[in-house]
Amino acid sequence: MYETKNPPLTPELYAYVLAHNPPLDPVQRELVEVTHARLAGEAGMQTAEEQAPLFTFLVGLLGARNIVEVGTFTGLSTLSMAKALPADGRIIACDISEEWTAIGRQAWAKAGVADRIDLRIAPALDTLRALPTGPWIDFVFLDADKENYVNYWEELVPRLLPGGVVVADNTLLQGRVTDPTADGATAGIRAFNDRVQSDERVEAVLLTVADGLTLARKR
């Protein structure tokens with residue numbers, strides 16, 4: 001029987017983790033609050049607070065200049081990545097909701113990074129298939145409809161530069177991924193996790209960060 005080294009994430013421990021991470025800046029904090037105030041029923045889709053500084057860190061670590069985000073919601077992850085981009089860096093952000101992303105647009109403008117974000121409102125597969133072919137993407141954040149994760153992966157990996165990284169969110173899906181009889185979103189994530197594990201184009205790790213975070217690096 002395997003034993004976890006992860007301590008139970010109590011509210012006190014989670015507060016401790018946040019207190020020892022870089023804090024959200026005022027615009028990020030306001031975006032979190034506005035999202036919860038306006039979209040209380042959907043606010044759980046927002047990037048976890050501890051992930052925001054992680055994305056800033058990873059983009060800076062990689063020196064990424066060309067990013068694709070699949071699933072933007074109200075744009076906390078987008079803002080967090082844009083903060084680490086150089087002035088000529090760009091994020092192509094894919095979403096289908098004008099309502100949700102309008103909240104993000106306001107925050108991006110307030111943070112002074114709106115010129116680095118190319119928001120495309122359309123089904124993400126259509127947007128991805130229209131992108132230039134060949135490797136040119138440095139970094140991908142994948143956090144959209146789970147049933148299409150494998151389809152997104154197959155469009156993105158050929159466009160990823162060697163050494164480029166895909167970060168996929170919700171790859172534990174609240175623990176439901178252990179159910180081999182699951183359907184819908186859970187089946188989509190199970191298929192995605194199996195595809196990443198078997199894909200010889202990348203090396204990848206699955207981490208117990210938030211709701212599961214997969215990091216894959218193009219060989």
Side-chain angles (χ1 to χ4, degrees), residues 24 27-28 31-32 35 42 45-86 88-109 111 113-132 135-161 164-171 189 192 196 209-218:
L24 300 186
V27 178
Q28 289 174 306
L31 178 54
V32 170
T35 299
E42 296 86 9
M45 293 193 295
Q46 189 169 59
T47 293
E49 187 167 332
E50 70 272 22
Q51 290 178 318
L54 174 62
F55 297 156
T56 304
F57 179 86
L58 288 174
V59 170
L61 181 68
L62 292 168
R65 307 178 76 88
N66 292 298
I67 297 174
V68 174
E69 177 181 62
V70 184
T72 297
F73 189 45
T74 60
L76 177 60
S77 53
T78 330
L79 173 55
S80 302
M81 293 185 290
K83 288 176 54 172
L85 280 175
D88 62 346
R90 293 292 178 271
I91 299 175
I92 295 174
C94 308
D95 207 280
I96 56 173
S97 174
E98 292 278 7
E99 176 191 2
W100 294 345
T101 55
I103 297 172
R105 284 182 186 272
Q106 293 176 346
W108 305 336
V113 297
D115 61 335
R116 303 174 198 175
I117 301 168
D118 177 4
L119 176 63
R120 303 191 182 183
I121 302 295
L125 275 175
D126 294 347
T127 298
L128 297 181
R129 287 167 178 160
L131 294 177
W136 59 276
I137 300 170
D138 300 298
F139 189 84
V140 170
F141 179 47
L142 177 55
D143 186 18
D145 54 307
K146 313 313 174 192
E147 292 87 344
N148 268 314
Y149 263 35
V150 170
N151 293 327
Y152 298 142
W153 175 263
E154 299 300 349
E155 293 298 329
L156 289 162
V157 172
R159 294 172 167 87
L160 200 66
L161 286 164
V165 170
V166 176
V167 176
D169 204 5
N170 304 116
T171 49
I189 290 294
F192 175 77
V196 173
V209 174
D211 190 28
L213 203 64
T214 293
L215 278 68
R217 179 179 180 271
K218 182 89 171 279

Quick one, [X] and [Y] - any side-chain contact, counting heavy atoms below 4.5 Å?
X	Y	value
Q51	V167	no
I103	F73	no
L125	Y152	yes
R90	L85	no
D118	I91	no
I121	T101	yes

Specify the closest pair of heavy atoms between [X] and [Y], including all atoms of both residues, with the distance to one decimal.
X	Y	answer
I189	T171	CG2-O, 3.6 Å
A124	C94	CB-CB, 4.1 Å
G89	R116	O-CB, 3.6 Å
K218	P158	NZ-O, 4.2 Å
N148	D145	ND2-OD2, 2.7 Å
A111	V27	CB-CG1, 4.1 Å

Query raised in the report: Near I96 CD1, under 6.0 Å, is it more than 12 heavy atoms from other residues, nucleotides or ligands?
Result: no
Query raised in the report: Checking side chain to side chain contact (heavy atoms under 4.5 Å, CB included) for the pair N66/L161: CA distance, chi angles, key distance, verdict?
Result: CA-CA 10 Å; N66 292 298; L161 286 164; 5.9 Å; no
Under the 3.5 angstrom rule, does the side chain of [X] hit a backbone N or O of [Y] as a donor-acceptor pair?
X	Y	value
D138	I67	no
W108	T78	no
R159	I137	no
R129	E155	no

Query - Residues Q28 and S80: side-chain donor-acceptor under 3.5 angstrom - result: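 On atom types as modelled, these side chains qualify, holding a pair under 3.5 Å.
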If I take atom [atom1] from residue [X] and atom [atom2] from residue [Y], how far apart are they, to the nearest 0.5 angstrom?
X	Y	atom1	atom2	answer
E69	F139	CD	CZ	9.5 Å
L119	I92	CG	CD1	11.0 Å
L58	L54	CG	CG	4.5 Å
E42	W100	CD	CH2	5.5 Å
L128	W153	CG	CH2	13.5 Å
I117	L79	CD1	CG	6.5 Å

Query - Geometric class of the F192/Y149 ring pair [parallel <30°, tilted 30-60°, perpendicular >60°] - result: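 Ring orientation of Y149 relative to F192: perpendicular.
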Query raised in the report: T74 and side chain to side chain donor-acceptor pair (under 3.5 Å): which partner among T47, D95, T35?
Result: T35
